[in-house]
Structures are given as structure tokens and as C-alpha cells.
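Counting begins at 1 with the first residue of the sequence.
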Amino acid sequence: MFPWPKQNKTKNALSHLQVQRIQQTIARRRHQKRTPDFHDTYGNAVLAKETIFCVAYTATQTGIEGDLSPVGRVTPKEWRDQ
């Protein structure tokens with residue numbers, strides 16, 4: 001009598017097909033071999049260099065000295081003649 005039940009079945013079938021298509025696309029993308037990008041290739045090296053730079057910059061700006069040489073800090077004792 002009313003066309004609504006038939007439309008609901010058609011809508012459900014189309015919706016189900018769309019969901020299946022999306023799931024197939026996702027599955028296809030998961031199984032593709034991904035080529036490494038810049039971050040995969042150089043990411044850790046860049047991160048390490050930036051960390052070293054930040055630590056060194058902070059150490060020089062706060063007055064932390066990395067020079068452990070006693071030159072200039074140790075004064076010689078006077079010689080005593082015997």
C-alpha cells in the first residue's frame with residue numbers, strides 16, 4: 001500500500017554496499033607497502049641533533065661550563081729554595 005518499506009530496503013542495501021566499499025578500501029590500504037617519508041628516514045637523527053643543540057644552548061646561557069681544564073684556575077705555589 002505505501003512505498004516506504006521498499007525504499008527502506010533499498011536504502012539499507014545501498015548503505016550496506018557503501019560500508020562494504022569503505023571496508024575494502026581500508027583493508028587495501030593496510031596491506032599496501034608504504035614508502036618511507038622524510039620523517040621515517042631522517043626523523044631520529046634530526047631529533048637527536050635538535051636535542052643536543054638545545055642542551056648545549058641552555059648550558060651556555062645558564063653559565064654551566066663544560067671545560068674541566070684547570071688552566072687559569074690553579075695558581076702555582078711559590079718555590080722554596082732549600
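- Checked against side chain to side chain donor-acceptor pair (under 3.5 Å), Q20 has the following partners two or more places apart in sequence or in another chain: H16.
- Legend: salt bridge (Lys or Arg N to Asp or Glu O under 4.0 Å) pairs involving residues 36-45, not counting sequence neighbours, sorted by first then second residue: R34-D40.
- The hydrophobic cluster around I26 extends to I22, counting ILVMFWY residues whose side-chain heavy atoms fall within less than 4.5 Å of a member.
- With a 4.5 Å cut-off between side-chain heavy atoms of Ile, Leu, Val, Met, Phe, Trp and Tyr, the cluster of Y57 takes in none.
- Remark: N44 engages no residue in a side chain to side chain contact (heavy atoms under 4.5 Å, CB included) (not counting sequence neighbours).
- Qualifying side chain to side chain contact (heavy atoms under 4.5 Å, CB included) partners for T41, counting only residues two or more places apart in sequence or in other chains: P36.
- The structure places CD of E50 at 11.0 Å from CD1 of I52, a figure rounded to the nearest 0.5 Å.
- Other members of the hydrophobic cluster containing Y42, listed by chain and number, are F38, V46; membership follows side-chain contacts under 4.5 Å among ILVMFWY residues, whether direct or relayed.
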